[in-house]
Participant: 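Before anything else, here's the structure in question.
Every number for a ligand or one of its atoms is a count from 1 in the order of the listing.
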Amino acid sequence: MATIPTDRSPDSTLTFLRTGYPFIGQRCERYGSDIFQTRLLLEPTICLRGRAAAELFYDTERFVRENAMPTRGQRTLTGRGGVQGLDGDAHHDRKAMFMSLMTPAAVQRLGQLFTDEWQARLPAWVLAGTVTLHPEIASMLTRAVCAWAGVPLSDGEADRRTADLQAMIDSAGAVGPRHWRGRLGRKRSESWAGDLVERVRDGSLAAPEDTALRVIAEHRDGTGRPLPRPIAAVELLNVIRPTVAVARFVVFAALALHDHPAWQQRVRGDDDATEQFVQEVRRYYPFFPVSAARVRRDFDWRGYHFPQGRRVLLDLYGTDHDPALWPEPERFRPERFAGWRGDPFALVPQGGGGHLTGHRCAGEWITIELMKRAVSVLTEVIRYDVPPQDLAVDLRRMPTLPASGFVVTTVRRTG
Ligand code: HEM
């Protein structure tokens, strides 16, 4: 049996938090291996990177998600009892509920609501002169996804809800005040979402058929029971929160258009080019660094032993930047996706494997649609200037963004 290369440090949690996204990739380079072991949160943890590793990691016969996510992440980002931590039939049943919301027509509807929000806000942008994209897009996405999900949202509460959702997203890899803001955001959001579910159930709120709120409120698990209120709340937020998180990818798309101006022309009115561009934004820019699972029962892989219960991290960012998969991975080159046939284990910003059978992100089609819509508005509907500002993307911060949030000035409509 081969020995997994092992980091000798007694615990690497702080180093991970200080190094950020490159943590696993740097060690893979150091050990000349796509697998190594370290200690994180005082537990031995196997870290993996690359296509073969992704294929292994998304094999649900070999890994489970129960107790894989650290408690800190559950208290902020994901909540407890949601689809992310389920296995086997329970996961399959819950995941089917999410995927039933993702019909092509439903994805289009959300895309249109987002475009409509943006159109409605344009006069204010033109008047304001200066706009910071990240908070603006997040606010538009909150309104769009709530309308889509059947969730009533008054003008008076929209900003508060957006701030709480943003706090949860921003707390993902944080310690200190950012973590506490995330916890508070989750507490308030779960209470809001739980009330909505209860009101649908007692008939005091009408949620249209096929909307996320209605489907989640009425969902019955394998035993025929409705979801307990706290879990229904977590699942409703599992639709709303990550849709608002797409604002980060929209900002990265704006940054890419700024850094690679030739693409402003190439994407205009060209769906293939827009698709390539959006895929490259998802590959190139950092969002979730890793995904976590635990070994279901002992097994061996490529001569390495994986003991039952061991926590395993798949390096999502590192796999998307793996030179074995992506030649010149540090170059932004959307052309690499021309004629790309898709590979569920190579491009993994939102996880890998199958959407229905495994833990791959339920919202991948929504994400791509919203990003395409954003690219179309940024290149076809408006013109703007990008003044000098700090656009640096700090890879030590998880999740990260251009420091300025991407400020644009002198926004005007085209034509
Ligand atoms: C910024 C865009 C997004 C990113 C970067 C993202 C990323 C991810 C990642 C990394 C996972 C975990 C994969 C794993 O467990 O290995 C995930 C799961 C999930 N995502 Fe997303 N996501 C995004 C947007 C969305 C949207 C728009 C929705 C829904 C509307 C969504 C719903 C979910 C759900 C329900 C899961 C849990 C799936 C499961 O455990 O089976 N995500 N996402």
Side-chain angles (χ1 to χ4, degrees), residues 48 53-54 56-60 63-66 68-69 73 77-79 81-88 90-102 106-107 109-111 114 134 137-138 141-142 144-146 148-149 151 165-166 169-170 172-173 211-212 215-216 234-253 278 281-283 285-294 312-317 319-320 344-345 347-371 374 398-401:
L48 298 170
L56 173 73
F57 182 85
Y58 285 101
D59 180 348
T60 51
F63 293 97
V64 291
R65 296 306 179 96
E66 192 183 355
M69 171 71 131
L77 184 70
T78 61
V83 63
Q84 293 95 336
L86 298 179
D87 298 298
H91 175 258
H92 206 262
D93 170 76
R94 194 77 64 78
K95 191 63 176 286
M97 176 189 81
F98 280 98
M99 297 317 294
S100 76
L101 302 169
M102 307 298 166
V107 171
R109 201 157 53 243
L110 177 54
F114 176 47
H134 184 238
I137 305 285
L141 285 169
T142 303
V145 71
C146 283
W148 181 76
V151 167
L165 295 160
Q166 290 270 61
I169 299 157
D170 201 42
T211 56
V215 167
I216 291 168
V234 162
E235 300 299 35
L236 182 57
L237 293 178
N238 267 337
V239 171
I240 297 174
R241 182 200 67 253
T243 305
V244 175
V246 175
R248 290 173 175 265
F249 271 157
V250 171
V251 167
F252 284 131
V278 161
V281 170
R282 294 198 313 133
R283 182 197 73 80
Y285 290 100
F287 203 136
F288 285 108
V290 296
S291 181
R294 284 189 189 276
V312 175
L313 298 184
L314 176 70
D315 186 358
L316 302 175
Y317 177 76
T319 302
D320 288 336
F345 302 109
L347 179 67
V348 292
Q350 296 178 237
H355 290 99
L356 261 172
T357 50
H359 285 273
R360 191 186 188 102
C361 174
E364 208 164 8
W365 305 318
I366 283 183
T367 304
I368 292 171
E369 179 63 24
L370 293 171
M371 290 173 72
M398 299 178 287
T400 190
L401 261 184

Participant: Tell me, which residues have any heavy atom less than 4.0 Å from some atom of ligand 1?
Facilitator: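 Contacts of ligand 1 under 4.0 Å: Tyr58, Arg65, Val83, Gln84, His91, Lys95, Phe98, Met102, Asn238, Val239, Pro242, Thr243, Ala245, Val246, Phe249, Phe287, Phe288, Ser291, Leu316, Pro349, Gln350, Gly351, Gly358, His359, Arg360, Cys361, Ala362, Gly363, Ile366, Thr367.
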
Participant: Please check if the distance between the ring centroids of Tyr285 and Phe249 is under 6.0 Å.
Facilitator: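 When the ring centroids of Tyr285 and Phe249 are compared, they turn out to be at least 6.0 Å apart.
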
Participant: Is Thr357 close to Thr60 at the side-chain level, that is, under 4.5 Å between some pair of heavy atoms?
Facilitator: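 With C-beta onward as the side chain, the pair stays apart.
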
Participant: Sequence neighbours left out, what passes side-chain hydrogen bond (donor to acceptor under 3.5 Å, both in side chains) with Arg360? Give chain and number order.
Facilitator: His355, Glu364

Participant: Can you tell if the side chain of Arg65 reaches within under 4.5 Å of the side chain of Leu86, non-hydrogen atoms only?
Facilitator: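 Side chain of Arg65 against side chain of Leu86, heavy atoms only: no contact under 4.5 Å found.
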
Participant: Nearest 0.5 Å, please: how far is CG in Leu101 from CH2 in Trp365?
Facilitator: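 Going from the CH2 atom of Trp365 to the CG atom of Leu101 covers 11.5 Å.
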
Participant: Under 4.0 Å between a side-chain nitrogen and a carboxylate oxygen: does that hold for Asp170 and Arg248?
Facilitator: yes

